[in-house]
Structures are given as structure tokens and as C-alpha cells.
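The next block holds one structure in the form of C-alpha cells; read it before the comments.
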Amino acid sequence: MKGSVSVDAIKAARAILAQHVPITPLTKAHGLSEQFCRTILCKWDNKLRTGSFKERGALYFLLGLSDEERQRGVCAASAGNHALAVSFHAQRLGIPCLLFMPEAAPLVKVERCRRFGAEIKQIGTLHECLQHAEKLSKEKGYTFIPPFNDERIVTGQGVAGLEVLDQSSDFDSVIIPVGGGGYAAGVATAIKSARPDVYIMGVCSEWAVSMRQHEPQSYEGRIAPVSLADGIAVKTIGSVTAPILDAHVNELVSVSEETIARAIVTVLEHEHVVLEGAGAAGIAALLQGALPERFKKTVVFCCGSNIDSNVLSRLIEHDMAERGRLLRLRVSLPDKPGMLHTLTGIISSEGANVLEVVHNRTYAKIPGYVEITVVMEVRGCPHADSVVGRLEAYGVSVETF
């Protein structure tokens with residue numbers, strides 16, 4: 001139905017979804033508010049059952065299928081969150097579900113989709129998955145559920161905007177992640193209908209901006225680039241969503257992979273909440289200073305928590321190193337008994353915590369010596385300098401890197 005993305009359609013969708021999907025909380029983020037010197041209200045759409053905002057759009061689409069369409073089954077392509085939403089609610093409604101997911105899709109998302117009863121086919125890139133899903137849907141009679149470029153999807157996602165309007169009237173700006181644009185288009189339509197004065201900023205990743213500057217390509221035989229924000233790593237904004245974004249989103253900004261990584265750890269540290277890359281994109285925009293200073297009361301949509309635990313662990317360690325909380329150094333010592341004990345004793349006396357020790361005899365620069373690489377936890381740069389100074393005072397040559 002052309003032109004059906006309206007606030008009235010979104011209100012109708014809210015009534016339909018009310019018995020299926022809970023309202024997610026909107027709370028003041030005290031730690032983030034202090035850091036950014038403005039009131040930050042977080043819309044925790046990561047709190048839905050599948051860990052992301054995608055449920056509203058996918059379920060609204062599924063509930064609109066005819067009995068015949070339900071019996072034939074549905075098909076979708078997704079890097080994860082759309083797949084999770086489709087598979088979970090298709091299982092609830094007794095609808096067969098086939099999903100195409102990229103080879104690089106996060107393992108945590110792939111395995112959860114399997115547990116929700118979906119048949120999974122992993123191939124190539126997201127672009128290739130979309131091509132296969134659309135082709136197979138036509139051949140086999142499945143109903144293809146687009147991840148964003150559909151008015152029903154946009155309408156369902158817009159319910160989040162109505163929830164925010166019900167939860168608070170005291171905000172002057174909104175920051176929302178943008179991949180294909182379904183989420184932002186729906187939310188912006190809902191909010192602007194009641195509050196046209198509200199400034200809405202969409203946030204995409206630099207990865208996506210870079211990909212949009214090139215024609216779709218195959219990476220067969222080569223290493224394909226990946227983004228931390230896989231949930232918004234979409235190479236094109238949809239033809240349905242683009243004009244809505246143009247009409248209702250005041251500005252679209254991009255954030256770097258490094259800033260997204262820092263945003264994930266920042267939210268974990270200040271708000272004790274785990275977000276994935278796409279879910280933290282709004283906080284990344286704040287870290288990057290993208291929101292104009294005149295806006296002091298901001299709603300940030302935190303839209304997903306489906307991050308692999310191994311990735312999260314590496315991001316935490318990387319952040320610790322960036323902030324001087326980890327110290328890595330290499331020393332050269334005579335290869336004889338007691339030297340490691342002496343080294344760790346010096347480190348211990350300075351209150352540093354050894355995390356990793358690696359011996360290298362074969363490639364030591366001085367014959368009869370051993371090179372030892374030590375990674376340790378310290379309290380910050382001054383503490384690191386103190387540890388290095390103590391080692392050098394004992395006559396140990398230290399190389400930090």
C-alpha cells in the first residue's frame with residue numbers, strides 16, 4: 001500500500017502489536033549525562049526478547065500474512081537481528097522460516113536463529129544473501145520479508161517513536177542508528193508528527209558510507225571488510241525509506257569503527273548495559289561530538305545487544321590499552337634460574353597485575369639471554385611509568401610497545 005507510512009498507520013500497528021511486544025524502557029542515563037554534560041535519555045530497544053528493535057517490524061509484517069502465505073512459509077536475509085526477529089516470531093506463529101545469513105554473521109546470532117527453529121543457509125555477503133533470498137522466494141513461493149525497505153516494516157518500527165512520546169515530553173533531540181533506514185524512518189515519522197521541533201540525527205557507520213561509494217562486488221578469494229556495527233552495515237538506504245528520511249531526519253552523520261568500539265565500552269562502564277556495535281552507534285555520535293551543543297536533552301536509541309562475547313572481550317582489552325590500563329613490555333634477562341621470579345617480584349612490588357608472560361629463547365638478541373614479553377594490568381599511565389622506572393632501577397633494559 002503506497003503512502004501508508006503515516007502516524008495513523010503506526011498507531012494502528014501499535015494496537016495490533018500491544019499484545020505481542022512489550023514497551024521498552026526509556027530512562028535517564030546518569031553516567032552518560034555527566035560525561036556529555038547534557039541530559040541523555042536512553043530508549044532501551046535492546047530489551048526486547050531477541051535483543052534488538054527489529055521485532056516490531058518483523059512481527060507486524062508476519063501478522064499481516066494470509067493463512068495461505070503462512071502455510072507456504074517465509075524467507076529473509078539478514079546479518080542477524082532481522083533474522084532473529086523473523087525466526088522467533090515465525091516459530092511463535094507456526095510459520096516455516098528459511099534464512100540466508102552472511103558467512104561473517106556473528107555466531108551468537110546464527111546459533112540463536114537455529115534455536116528458534118529456522119533453516120539457515122550461510123553464503124557470501126549480505127548483498128548476496130538478499131539476492132538468493134529474493135530469487136528463492138519467487139521460485140518456491142515463500143513470502144520474502146525485507147529487512148527494512150517495506151512500508152509494513154517501517155510502520156511497525158515506528159511504534160518505538162510513539163512509545164518515546166508517551167514516556168517523555170522533555171527532550172529536544174533524538175539520535176537513532178541508520179542502516180537501511182526502516183527504524184529511523186518509522187521513528188522519525190512518529191515523533192515529527194507530534195513534535196516537529198525535535199531535531200533528529202541519524203547515525204550510520206563509516207564502513208557503510210565507504211561501501212555505498214562502490215558498486216556491489218564479490219570478495220571471493222579475498223578477505224571481505226567487516227564492521228563492528230553489523231546491524232547497520234547496509235550498503236544502500238532503501239527506496240522506500242530514503243524519501244522518509246529526507247523529509248523527517250535533520251542530519252545524517254557517520255561514525256568511525258574506533259568510536260563505535262569505544263561507545264560499546266562506555267555504555268558498559270557507565271550504564272552496566274551490553275550493546276552491540278549498531279546499538280551503540282548513537283553513543284558513538286555523542287563521543288564524536290556530532291550533536292550540536294544547543295541540544296541539551298537527547299533521546300538515544302540503543303537498539304541491540306547481540307554481540308559475540310569474544311568480540312566484547314577484545315574490545316574491553318583494546319579500550320584498556322588505549323587508556324593506559326594495560327602495559328606491554330619486553331625485557332632481556334640472563335637465561336638462568338630465578339630471573340623470572342625476580343622480574344615478577346619487581347612488578348608485584350609496584351602493585352601491577354601480570355596477565356600474560358611469553359618467553360623467547362630462540363630469537364633472543366643476546367646469546368645466553370631470554371627475551372620475556374609481559375602484559376600487565378596497571379592503574380593508568382603514571383602507574384605504568386612507575387613500573388618501568390622500578391625495572392630500569394634494577395638494571396633491566398625495558399622496551400614498551
Side-chain angles (χ1 to χ4, degrees), residues 24 42-48 50-58 77-86 101-102 104-110 112-113 125-126 129 147-149 153 157 160 174-188 201-212 225-238 241 245 249 252-268 271 273-288 290 299-309 311-312 315:
T24 58
C42 287
K43 177 60 170 171
W44 300 112
D45 267 357
N46 62 311
K47 298 293 185 181
L48 291 173
T50 63
S52 92
F53 73 95
K54 285 284 190 178
E55 288 191 32
R56 300 184 188 92
S78 166
N81 286 335
H82 179 58
L84 283 165
V86 171
M101 302 182 74
L107 181 61
V108 64
K109 296 182 180 182
V110 175
R112 288 186 68 196
C113 287
T125 64
L126 179 58
C129 287
F148 52 83
N149 200 38
I153 297 291
Q157 309 298 23
V174 166
I175 305 178
I176 187 165
V178 175
Y183 189 41
V187 167
M201 173 183 284
V203 185
C204 59
S205 71
E206 285 184 355
W207 182 97
V209 172
S210 175
M211 289 295 109
R212 288 167 189 166
V226 297
S227 172
L228 273 176
D230 58 275
I232 54 172
V234 179
K235 294 181 181 179
T236 180
I237 291 175
T241 58
L245 297 178
V249 173
L252 187 63
V253 302
S254 62
V255 289
S256 68
E257 293 290 307
E258 181 65 31
T259 310
I260 292 170
R262 191 150 47 93
I264 293 170
V265 179
T266 297
V267 175
L268 180 61
E271 305 305 324
V273 174
V274 173
L275 294 180
E276 61 185 277
I283 304 301
L286 289 171
L287 287 171
Q288 212 161 272
V299 172
V300 181
F301 281 79
C302 300
C303 60
S305 284
N306 295 310
I307 186 170
D308 187 278
S309 57
V311 173
L312 180 60
L315 294 181

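When a residue number appears, it is its place in the shown sequence, counting from 1.
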side-chain contact (heavy atoms from CB on, under 4.5 Å) between V299 and I175, worked out
CA-CA 6 Å; V299 172; I175 305 178; over 6 Å; no
Specify the closest pair of heavy atoms between A184 and P177, including all atoms of both residues, with the distance to one decimal.
CB-O, 4.1 Å
K43 side-chain N/O to T24 backbone N/O, donor-acceptor pair under 3.5 Å:
yes
Test side-chain contact (heavy atoms from CB on, under 4.5 Å) applied to A105 - qualifying residues, sequence neighbours left out:
M101, P102, V110, Q122
Checking E55 against T50: is there a side-chain donor and acceptor pair closer than 3.5 Å?
yes
Would you indicate whether the side-chain heavy atoms of K54 and V86 approach each other to under 4.5 Å?
no
Go through it in stages, so that I can follow the logic: the residues are S205 and I260, the test is side-chain contact (heavy atoms from CB on, under 4.5 Å), and I'd like the CA-CA distance, side-chain angles, deciding distance and then a yes or no.
CA-CA 8 Å; S205 71; I260 292 170; 4.1 Å; yes
What's the spacing between S52 OG and K47 NZ if we round to 0.5 Å?
13.5 Å
Starting from the C-alpha separation in whole Å, work towards a yes-or-no answer on side-chain contact (heavy atoms from CB on, under 4.5 Å) for V273 and L268.
CA-CA 5 Å; V273 174; L268 180 61; over 6 Å; no
Spell out, as yes or no, whether a donor-acceptor pair under 3.5 Å connects the side chain of Q288 to the backbone of S254.
yes
Mind listing the closest non-hydrogen atom pair of V178 and G202 along with its distance?
CG2-CA, 3.7 Å
What residues form a ring pair (Phe, Tyr, Trp, His ring centres under 6.0 Å) with F148, not counting sequence neighbours?
none
Rounded to the nearest 0.5 Å, how far apart are CD of E206 and CD of E258?
11.0 Å
Work out which heavy atom in A160 is nearest to a heavy atom in V187; give both atom names and the distance.
CB-CG2, 4.0 Å
When the side chains of residues 275-284 are checked against the rest of the protein, which donor-acceptor pairs come out under 3.5 Å, sequence neighbours left out?
from: E276; atom 1: OE1; to: N81; atom 2: ND2; distance (Å): 3.2
from: E276; atom 1: OE1; to: K109; atom 2: NZ; distance (Å): 2.9
from: E276; atom 1: OE2; to: N81; atom 2: ND2; distance (Å): 3.1
from: E276; atom 1: OE2; to: S305; atom 2: N; distance (Å): 3.3
from: E276; atom 1: OE2; to: N306; atom 2: N; distance (Å): 3.0

Looking at every heavy atom in both P147 and I153, which two are closest together, and how far apart are they?
O-CG2, 3.7 Å
Just wondering, do I176 and V203 contact through their side chains at under 4.5 Å, heavy atoms?
no
Between atom OG1 of T259 and atom CG of L286, what is the distance when rounded to the nearest 0.5 Å?
11.5 Å
Those residues at least two apart in sequence (or on a different chain) that pass ring pair (Phe, Tyr, Trp, His ring centres under 6.0 Å) with F53 are Y183
Sequence neighbours excluded, which residues qualify as side-chain contact (heavy atoms from CB on, under 4.5 Å) partners of V311?
L228, I307, D308, R314, L315
With rounding to the nearest 0.5 angstrom, report the CG to CE distance, L252 to M201.
9.0 Å
By side chain to side chain donor-acceptor pair (under 3.5 Å), which residues pair with T241, not counting sequence neighbours?
none
Please identify each residue that fulfils side chain to side chain donor-acceptor pair (under 3.5 Å) with E271, with sequence neighbours left out.
none
Rounded to the nearest 0.5 Å, how far apart are CD of Q157 and SG of C303?
10.0 Å
